[in-house]
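As a basis for the values below, the full set of heavy atoms in this structure was taken, side chains included, without hydrogen atoms, waters or symmetry mates.
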Amino acid sequence: MLGLLVAGLLFLQNLNDWPLWSASYDTNASYSGFILAKIGAAVLLSPLTALTVTLVLPAAEPLYRASQPQRLQLSKAFTLRGLRSKEFFSSAVVGLSMAAAHIGYVVVFYVVVQRYFGAWAPQEINYQDSVNTLAPWLAGAAIGLLASTKRRVYVSIVRDPSAITVANGSRTIET
């Protein structure tokens, strides 16, 4: 389900770039072929990228469960009961608070540094094409979801190496 969500957002992000596609259109080729190639690339690349999360998740979740048995399972986190749980609520509040604190820190840092020390504050956007689309938030949502899910899955694999058991299940790898 998580892989489908990631693939869906990545597909929508690719389709969101439709107004920008005309800049790379070769007028020697047919326009319908060009559009079909772009849509085909979005259809193929979105699920392939989502597989980087989907294929690793089945291996990561048991390791996470072994090292953190008291924590909420990822498969249960996005159910109605999981969304109403105390752990999900407190994690969401802490995550949003940390994001707000980080944004505030960045703003204060650049205001103070520019005003009192004359330092340059970067004001350019690295993804200028993303803000010139119909739904500019899609790029941020898709990239953010892909990055956070990859990080969550990969960190749960390598975070606690002592949870990795040898084939017989009785010995653990010590770090």
Side-chain angles (χ1 to χ4, degrees), residues 1-68 71-83 85 87-88 91-92 94-103 106-107 122-161 163-164:
M1 173 120 163
L2 186 61
L4 290 175
L5 179 64
V6 171
L9 267 178
L10 290 172
F11 178 71
L12 289 175
Q13 177 196 4
N14 287 330
L15 287 185
N16 192 39
D17 291 340
W18 184 296
L20 307 171
W21 291 349
S22 60
S24 64
Y25 171 58
D26 180 14
T27 56
N28 293 326
S30 71
Y31 188 69
S32 59
F34 172 75
I35 293 298
L36 284 175
K38 289 289 194 178
I39 293 173
V43 166
L44 289 174
L45 292 177
S46 299
L48 288 177
T49 306
L51 279 176
T52 62
V53 173
T54 307
L55 291 178
V56 178
L57 186 61
E61 191 66 23
L63 296 174
Y64 176 70
R65 299 299 321 137
S67 67
Q68 304 291 323
R71 297 285 181 199
L72 187 62
Q73 293 179 358
L74 182 62
S75 60
K76 306 255 190 284
F78 295 108
T79 63
L80 184 58
R81 186 174 183 184
L83 292 173
S85 69
E87 182 177 353
F88 186 89
S91 297
V94 168
L96 291 172
S97 300
M98 294 297 290
H102 177 70
I103 291 170
V106 170
V107 168
Q123 302 203 0
E124 64 187 53
I125 298 173
N126 291 337
Y127 301 100
Q128 292 178 359
D129 290 341
S130 297
V131 296
N132 293 326
T133 59
L134 297 172
W137 58 270
L138 271 174
I143 292 169
L145 180 65
L146 181 64
S148 65
T149 52
K150 276 186 174 182
R151 178 174 160 47
R152 195 277 185 212
V153 169
Y154 295 153
V155 165
S156 67
I157 289 176
V158 297
R159 180 177 67 189
D160 189 8
I164 301 172

So CG of Asn16 and CG of Leu9: to nearest 0.5 Å the spacing works out to 11.0 Å

Contacts of Leu83 meeting side-chain contact (heavy atoms from CB on, under 4.5 Å) (sequence neighbours excluded), chain-then-number -> Phe78, Phe88

Kindly compute the distance separating CG (Leu146) from CD (Gln13), expressed to the nearest 0.5 Å.
9.0 Å

Between OG of Ser85 and CG of Leu80, what distance do you get to the nearest 0.5 Å?
10.5 Å

Please set out all donor-acceptor pairs under 3.5 angstrom arising from side-chain atoms of residues 27-49, sequence neighbours excluded.
unit_1	atom_1	unit_2	atom_2	d
Ser30	OG	Gly33	N	3.2
Ser46	OG	Phe11	N	3.1
Ser46	OG	Asn14	ND2	3.4
Ser46	OG	Ala42	O	2.8
Thr49	OG1	Leu45	O	2.8

Straight-line distance of Leu12 CG to Asp17 CG, nearest 0.5 Å
11.5 Å

Correct closest heavy-atom pair for Leu10 and Ala50 would be CD1-N, 4.5 Å

